[in-house]
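First up is the structure itself, then whatever we jot down about it.
Note that the structure is a prediction, hence the values are computed from the model and not measured.
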Amino acid sequence: QVQFVESGGGLVQPGGSLRLSCAASVSFFRLYTIGWYRQAPGKQRELVGYITNGGSTNYADSVKGRFTISKDNAKNTVYLQMNSLEPEDTAVYYCNGNRNGDPSNLFGFLSWGQGTQVTVSS
């Protein structure tokens with residue numbers, strides 16, 4: 001039984017901040033690459049960024065400098081701190097672990113949750 005539960009979404013003004021949480025119920029949490037993904041209306045799901053088992057992070061160009069991924073291994077939780085939010089950031093945000101080092105490996109995903117809605121609007 002593997003579960004990722006996203007939370008923290010909501011409605012924010014452009015330029016605002018939001019912190020998303022991803023609570024993972026999975027064994028060997030520390031060993032997985034955990035990615036944040038988002039899907040905007042009418043668009044494909046995209047990788048926002050990820051954090052490796054070693055704590056290294058990587059981000060999509062669209063969010064670099066604005067978003068920060070961190071994790072708390074003791075809590076089995078990954079966070080996505082979003083600053084300087086833009087309307088283009090509006091999407092449903094998901095987190096997921098991947099058995100593969102590649103956070104986009106199609107066969108490595110552990111479990112998709114329901115996501116959390118982030119809406120950036122004035």
Side-chain angles (χ1 to χ4, degrees):
Q1 187 175 6
V2 179
Q3 186 178 22
F4 290 88
V5 180
E6 304 90 345
S7 63
L11 174 63
V12 296
Q13 296 269 357
S17 297
L18 208 58
R19 190 195 195 197
L20 306 184
S21 296
C22 171
S25 178
V26 60
S27 298
F28 308 107
F29 171 78
R30 299 179 183 181
L31 301 181
Y32 298 113
T33 291
I34 308 296
W36 280 98
Y37 311 80
R38 67 185 182 186
Q39 186 166 22
K43 300 184 67 176
Q44 295 182 330
R45 178 183 290 156
E46 65 175 345
L47 175 66
V48 175
Y50 61 89
I51 185 166
T52 69
N53 59 345
S56 298
T57 57
N58 203 347
Y59 306 92
D61 289 338
S62 59
V63 306
K64 284 182 179 177
R66 301 188 298 116
F67 289 11
T68 302
I69 298 173
S70 61
K71 65 176 179 179
D72 186 335
N73 287 328
K75 296 181 178 180
N76 277 26
T77 301
V78 177
Y79 304 96
L80 178 63
Q81 178 66 47
M82 304 184 294
N83 300 322
S84 301
L85 284 163
E86 305 168 353
E88 293 74 21
D89 296 317
T90 296
V92 177
Y93 284 71
Y94 304 87
C95 65
N96 204 344
N98 202 299
R99 300 182 185 90
N100 198 280
D102 179 2
S104 296
N105 186 282
L106 296 178
F107 301 98
F109 289 117
L110 299 179
S111 180
W112 292 106
Q114 66 179 25
T116 184
Q117 176 70 51
V118 172
T119 302
V120 184
S121 177
S122 59

Indicate yes or no for a side-chain donor-acceptor contact from [X] to the backbone of [Y] under 3.5 Å, with no hydrogens or angles considered.
X: K64; Y: N58; value: no
X: E6; Y: C95; value: yes
X: N98; Y: N105; value: yes
X: K43; Y: R38; value: no

May I ask you to decide if the ring planes of F67 and Y93 are parallel, tilted or perpendicular, using 30° and 60° as cut-offs? tilted

Measure the shortest side-chain to side-chain distance between N100 and F107 over non-hydrogen atoms and say whether it is less than 4.5 angstrom. no

Side-chain heavy atoms of R99 within contact of Y32, under 4.5 Å: yes

Same apolar cluster: [X] and [Y], side chain cutoff 4.5 Å:
X: V48; Y: V5; answer: no
X: I34; Y: L31; answer: yes
X: Y37; Y: L110; answer: no
X: F4; Y: Y94; answer: no
X: V120; Y: Y59; answer: yes

Once rounded to the nearest 0.5 Å, what's the spacing between atom [atom1] of [X] and atom [atom2] of [Y]?
X: T77; Y: L20; atom1: OG1; atom2: CG; answer: 12.5 Å
X: D102; Y: Y50; atom1: CG; atom2: OH; answer: 7.5 Å
X: L80; Y: R19; atom1: CG; atom2: CZ; answer: 10.0 Å
X: F29; Y: N53; atom1: CZ; atom2: CG; answer: 10.5 Å
X: Q81; Y: I69; atom1: CD; atom2: CD1; answer: 11.5 Å
X: C22; Y: K75; atom1: SG; atom2: NZ; answer: 14.0 Å

For [X] and [Y], which heavy atoms make the closest approach, and how far apart are they?
X: D89; Y: S84; result: OD2-O, 4.3 Å
X: L47; Y: S104; result: CD2-OG, 4.0 Å
X: S17; Y: N83; result: OG-OD1, 2.9 Å

Q117 vs T90, side chain to side chain contact (heavy atoms under 4.5 Å, CB included): CA-CA, chis, key distance, verdict: CA-CA 8 Å; Q117 176 70 51; T90 296; 4.0 Å; yes

Matching residue for I51 among T33, T68, V78 - test: side-chain contact (heavy atoms from CB on, under 4.5 Å): V78

Going through the checks in order, is the side chain to side chain contact (heavy atoms under 4.5 Å, CB included) test met by S121 and L11? CA-CA 7 Å; S121 177; L11 174 63; 4.2 Å; yes

Please step through side chain to side chain contact (heavy atoms under 4.5 Å, CB included) for the pair V63 and M82, ending with a clear verdict. CA-CA 9 Å; V63 306; M82 304 184 294; over 6 Å; no

Not counting sequence neighbours, list each pair that qualifies as a salt bridge (charged side-chain N to carboxylate O under 4.0 Å, His left out) and has a residue in residues 109-120. none

